[in-house]
Number of protein chains: 2
Amino acid sequence: MQSKIINKDALKALPELPDESIDLIFADPPYWMRVNGVLERVEGTSYDGCEDSWDNQFSTLEEYESFTRQWLRECKRVLKKDGSIWVIGSMQCIYTIGGIMQQLGYWFINDVIWHKANPTPNFRGTRLNNSHETLIWAAKSDKSRYTFNYKTAKELNFDSVTFEEHKKGVRKQMGTVWKIGICQGKERLKEESGQKLHSTQKPEELLYRIITVSSMPGDVVLDPFGGTMTTAAMAKKSGRRYIMIEKDESYCRYGQERIDNITPHIGEIEKGVFDVPPPKVKFADMIKAGYFHEGETFYLKSNGETAVLKSNGKLLYQGEEIDMHACAARAKNSRAKRLNGFNYWCVKRNGNYVSIDEIRNEYREKECASQKDD
Amino acid sequence: MQSKIINKDALKALPELPDESIDLIFADPPYWMRVNGVLERVEGTSYDGCEDSWDNQFSTLEEYESFTRQWLRECKRVLKKDGSIWVIGSMQCIYTIGGIMQQLGYWFINDVIWHKANPTPNFRGTRLNNSHETLIWAAKSDKSRYTFNYKTAKELNFDSVTFEEHKKGVRKQMGTVWKIGICQGKERLKEESGQKLHSTQKPEELLYRIITVSSMPGDVVLDPFGGTMTTAAMAKKSGRRYIMIEKDESYCRYGQERIDNITPHIGEIEKGVFDVPPPKVKFADMIKAGYFHEGETFYLKSNGETAVLKSNGKLLYQGEEIDMHACAARAKNSRAKRLNGFNYWCVKRNGNYVSIDEIRNEYREKECASQKDD
DNA sequence: CACCCTTTTGAATCTGTCT
DNA sequence: GAGACAGATTCAAAAGGGT
């Protein structure tokens, strides 16, 4: 499918998309803020938060629920079976949305908190300063094998790893609370008048994370409420395709210009190389190819226990023939039934202990070159 | 109403409580996690999260929705018209709960993120490390004048203010993302065997914040799913009354002992003194009492503009008799129609400029002593 | 008592592929 | 679809023990 902007209402455009054609959806639906009139700052300047007719088009909760159910049902239809969807919302709408998603059979992977580094203060002091928005990340069903670039996410995680630690090679699991600043400055699209074009433009960093963590290059990303086209901009930048739906003609115009100015940069993060699994290797094949010899001794790194290799790839340990992984667990006296043997066993080469994982890497480089290029 | 523990099922006990009798509810319902089998750590130990049969009592989403609707409807009934409710949940349940709350007419004040300082990691790398839970804070209706101790919250806010800054007097609005560690160590209740008593005991700090920020001393706090009685413990500690519902007899027993060991500490935070408004003062009364004199000159702090006091409390400025607050705005050339005149006007006393706000404070101390003790 | 090292543990929708 | 089996996967805090 070709990347494109569709200048139509979401409920008109979605039904025209084919079944199971989309890898990833990002949706930033109308929030239904229920604010009327103008909120005034104490100093007298009015606060231009979100007074779009966009957000106030619903007069009852039932209407909003019905609208939500319609677009979410269409999104489920167009999603590939292993595809996933992100929906962003605030307190006013995300619970209604999430409840309906579960009723429709979406399978939640995570909910993610966008913790705003620089939230708008609460001028009235009538409640807690609203400093986050919520994203729901869901698969099409509980059977989905959704894309999650676990190690890429670790590379991108600066929420629980400082820059200094990251430089030194520290990597930790990415969590569900993301601290990201709101969209402002040069990133924020302005009209000729200097007025901001869109009242809730999302930060590029947010979309960049979402796209690189939950899709692969070439994937098709759909955004049914395109707005300023942040999703398309980040999709193009990271080598994904995009389908953007947006009913406002002027958003489409400004957005197209924005996209045209993007130069793709497809590096390691964008390719997801950290998550491309190395070719699988059968232990028996490595023995056949002469990388290990029947009868040679295997040494356990940590405690010096030894075992003897059999021709079928199993190990002889204390008189028993055991699978290498189970044997590692046994010899290490672990409570686990199995450990990854490649992480524990060594052999002797030229008088030095060498990890069998290193030997597997050699084997991969020499024997699996063709597979790697697939 | 007397503080008490009711050893019954929530759906049995709630209907027996009188209408509009509760100031604050904290509810920690079953999350219905839908966990299957045993999750093992690499070392072979099994992760003991929540295998509670209580959590697994539902077989369909409809059943869970029905249960949720029932207890939430009862909670709304027993809540006073200006009362509010907190509900905690995770991704598996909070959207269902929130959606139903809106259908029942609850009015959302905030949703709050409990950002766990030390979350359970994801052992398998299958998704983002789940590092938060969500709380919904809602009023009984959009007409409610719920309790929110705004300044007390500022005192308690260490999420966006460091301890050093706080010591220097820096106070910032409390936000909706709260970083609090999970309950572990000595705080965690254990059985005689040393086993944890309850699989999901909540940290005291979380309940302490909730209670001090959204209730006042003497208020009645209800917890329909009492568990280890953390809510009661923090309610007693901060001088609130409590009604705890818990069907498990052993939780009630251990919980009662826990509560008995609590000594109330009712200091400034617990009393909410930062939020108790000072007695209202009529400007005309201060003139009558001789704190200001007809015809004396009022000076604007910032730019030296002057006005003259009339006996009715208004100011003569550029030939016009204007209300003191509007006059401050006019004299300061502000875009606002009114400013708080007490923050801007000065008079001369013994040759020095003195803020009229200071004089109001003197007046309060001397003339409103009796009111203050109310 | 301070410091260091080891062990334990926490509301979790926690594997993929081939036979 | 069930079962076998190969192989990949964790972080912070508190307690406890040793020096």
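Heavy-atom basis, side chains included; hydrogens, waters and symmetry copies ignored. On a predicted model such as this, the values are computed, not experimentally measured, just so you know. Lettering of chains follows the sequences in order, A, B, ..., and the numbering in each one begins at 1.
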Opposite nucleotide pairing with [N], Watson-Crick or G-U, both atom distances under 3.5 Å:
N	result
C/dT17	D/dA4
D/dT10	none
C/dA11	none

Whole Å only: how far is the [atom1] atom of [X] from the [atom2] atom of [N]?
X	N	atom1	atom2	result
A/K280	C/dG16	NZ	C1'	6 Å
A/Y150	D/dG7	OH	P	20 Å
A/D82	C/dG16	CG	C1'	13 Å
A/N343	D/dA6	CG	C1'	13 Å
B/F123	C/dA11	CZ	P	11 Å
A/D275	D/dT9	CG	C1'	13 Å
B/K196	C/dA11	NZ	P	6 Å
A/M286	D/dG7	CE	C1'	14 Å

Distance below 4.0 Å between [X] side-chain N/O and [N] OP1 or OP2:
X	N	result
B/N118	D/dC11	no
B/Y95	C/dT13	no
B/Q184	C/dT9	no
A/K154	D/dT10	yes
B/K116	D/dA13	no
A/H325	D/dG7	yes
B/N130	C/dT13	yes
B/T126	C/dT15	no

Closest approach to the side chain of [X], judged atom by atom: which nucleotide of [options] is it?
X	options	value
B/R41	C/dT13, C/dA11, C/dT9	C/dT9
B/R188	C/dT17, D/dT9, C/dG10	C/dG10
B/C50	D/dC11, C/dA11, D/dA13	C/dA11
B/D48	D/dC11, C/dA12, C/dG10	C/dG10
A/K172	D/dA12, C/dA11, D/dA8	D/dA12

### Query
Does the ring centre of B/W114 sit less than 6.0 Å away from the ring centre of B/W178?
no
### Centroid separation A/W137 to A/F148 less than 6.0 Å
yes
Euclidean distance for [atom1], [N] against [M] (whole angstrom):
N	M	atom1	answer
D/dG16	C/dC1	P	16 Å
D/dT10	C/dT7	C1'	15 Å
C/dG16	D/dG1	C1'	16 Å
C/dT8	D/dT9	P	24 Å
C/dA11	D/dA15	C1'	23 Å

### Message
Could you check whether atom CG of B/N261 has more than 12 heavy atoms from other residues, nucleotides or ligands sitting under 6.0 Å from it?
### Response
yes
### Query
Does CD belonging to B/E257 count more than 12 external heavy atoms closer than 6.0 Å?
no
### Query
Does NZ or CZ of A/R330 fall inside the cone over A/Y317's six-membered ring, less than 6.0 Å from its centre and within 45° of the axis?
no
### Task
Given side-chain contact (heavy atoms from CB on, under 4.5 Å), test A/I269 with A/N149 step by step and report yes or no.
CA-CA 10 Å; A/I269 294 284; A/N149 296 324; over 6 Å; no
### Task
Decide yes or no on side-chain contact (heavy atoms from CB on, under 4.5 Å) for A/E155 and A/E268, but give the supporting numbers first.
CA-CA 10 Å; A/E155 292 293 319; A/E268 289 186 317; over 6 Å; no
